[in-house]
Amino acid sequence: MESNPDITRFEMMCLVVNFGLGSKVIKTAKKHGVSGGTIFLGKGTIKNRLLEFLDLSDVRKEIVLMISEKTFAYKALEELKKQLSLHKPNRGIAFTTSVMNVIGARNCNSNHIEKSRGVDNAMYQAIFTIVDKGKAEEVIEVATQAGSKGGTIINARGSGIHETNMLFAMPIEPEKEIIMILSESHLTTPIVSSIRDRLNIDQPGNGILFILDVNQAYGLS
């Protein structure tokens, strides 16, 4: 199917930065045409023997999600890459993925759904795993054994027992954890297979796993 030049292309930007930098990310993005974003609290993992011995290997992170027209998104990411020094280790990561349709987001409404907007043969993929609270570390462990360099853990809890949070239009019941792992494409299959086997994801009630192609990525060196 040929691309329609009249259809606005949207990207979801996801940045994982140190605690306290989320507001700066959104402020910078707004200067480049992005209307706003949402900040989630998360926990990153650092593999360092000294930090593990001192019980300091878990680092508080902020996950920033923003949706914007593709041209604005890429301009904002280029500026954020410079400001946050994402080319240096442990400064954060950023990636984008295609959005099929946007409804209700200011300056991003679209009445069209365009298919196959992602890049061909994506170099990286984002693996999202949703499991019961307490199992995130196990997911990180088996993923690392399969070649992952680490991940980000996002707590997903409602404020009441009958409340839920939403991620990509899916209800996330209270007391769940979301693990986001960025993987080189050739490592995605062994990482996913390891998680499925160890956590028995295929069994009802044991979790959800899905994969997104990454269009642009920074901070993964």
N/O donor-acceptor pair under 3.5 Å between [X] side chain and [Y] backbone:
{"X": "Glu62", "Y": "Gly22", "answer": "yes"}
{"X": "Thr97", "Y": "Asp213", "answer": "yes"}
{"X": "Glu11", "Y": "Thr96", "answer": "no"}

Rounded to the nearest 0.5 Å, what separation is found between the [atom1] atom of [X] and the [atom2] atom of [Y]?
{"X": "Met123", "Y": "His186", "atom1": "CE", "atom2": "NE2", "result": "11.0 Å"}
{"X": "Ile179", "Y": "Ile140", "atom1": "CD1", "atom2": "CD1", "result": "6.5 Å"}
{"X": "Leu21", "Y": "Ile39", "atom1": "CG", "atom2": "CD1", "result": "10.0 Å"}
{"X": "Lys149", "Y": "Ser183", "atom1": "NZ", "atom2": "OG", "result": "10.0 Å"}
{"X": "Asn215", "Y": "Tyr74", "atom1": "CG", "atom2": "OH", "result": "4.5 Å"}
{"X": "Ser98", "Y": "Arg9", "atom1": "OG", "atom2": "CZ", "result": "8.0 Å"}

Residues Gln216, Lys81; criterion side-chain contact (heavy atoms from CB on, under 4.5 Å); working and verdict = CA-CA 12 Å; Gln216 296 279 342; Lys81 175 186 176 183; over 6 Å; no
Contacts under 3.5 angstrom, residues 199-208 side chains, donor-acceptor by atom type, not counting sequence neighbours:
{"residue": "Asp202", "atom": "OD1", "partner": "Arg196", "partner atom": "NE", "Å": "3.4"}
{"residue": "Asp202", "atom": "OD1", "partner": "Arg196", "partner atom": "NH2", "Å": "3.1"}
{"residue": "Asp202", "atom": "OD2", "partner": "Arg196", "partner atom": "NE", "Å": "3.4"}
{"residue": "Asp202", "atom": "OD2", "partner": "Arg196", "partner atom": "NH2", "Å": "2.7"}
{"residue": "Asn206", "atom": "ND2", "partner": "Asn200", "partner atom": "O", "Å": "2.9"}

Verify side-chain contact (heavy atoms from CB on, under 4.5 Å) between Leu80 and Met13, making sure each step is shown before the conclusion.
-> CA-CA 11 Å; Leu80 287 166; Met13 295 168 282; 5.9 Å; no
Closest heavy-atom pair and its distance - [X], [Y]:
{"X": "Cys14", "Y": "Met180", "result": "SG-SD, 3.8 Å"}
{"X": "Ser185", "Y": "Tyr124", "result": "OG-N, 3.5 Å"}
{"X": "Ile195", "Y": "Val139", "result": "CD1-CG1, 3.8 Å"}
{"X": "Gly36", "Y": "Ile26", "result": "CA-CG2, 4.3 Å"}
{"X": "Pro190", "Y": "Ala146", "result": "O-CB, 3.7 Å"}
{"X": "Met66", "Y": "Gly37", "result": "CG-CA, 3.7 Å"}

Which residues satisfy the side-chain contact (heavy atoms from CB on, under 4.5 Å) test with [X], sequence neighbours excluded?
{"X": "Ser85", "answer": "His87, Lys88, Arg91"}
{"X": "Leu182", "answer": "Ile93, Phe95, Ala126, Val214, Leu220"}
{"X": "Ser148", "answer": "Ala143, Ile181, Ile191"}
{"X": "Ala76", "answer": "Ala29, His32, Val34"}

Within a strict 4.5 Å, meaning less than it, do heavy atoms of the Phe10 and Glu69 side chains meet?
-> yes
Would you say Ile153 and Glu137 make side-chain contact, with heavy atoms under 4.5 Å?
-> yes
Does Phe210 belong to the same Ile/Leu/Val/Met/Phe/Trp/Tyr cluster as Ile178, with side-chain heavy atoms less than 4.5 Å apart forming each link?
-> yes
Hydrophobic cluster identity match, Val25 and Leu41, side-chain contacts under 4.5 Å | no
Counterpart residues, side chain to side chain donor-acceptor pair (under 3.5 Å), relative to Gln83 (two or more places apart) | Thr28, Glu79
Could you walk me through whether Phe19 and Lys61 pass the side-chain contact (heavy atoms from CB on, under 4.5 Å) check?
-> CA-CA 5 Å; Phe19 182 79; Lys61 296 289 185 180; over 6 Å; no
Name the one of Leu15, Val17, Val16 that satisfies side chain to side chain contact (heavy atoms under 4.5 Å, CB included) with Ile63?
-> Val16
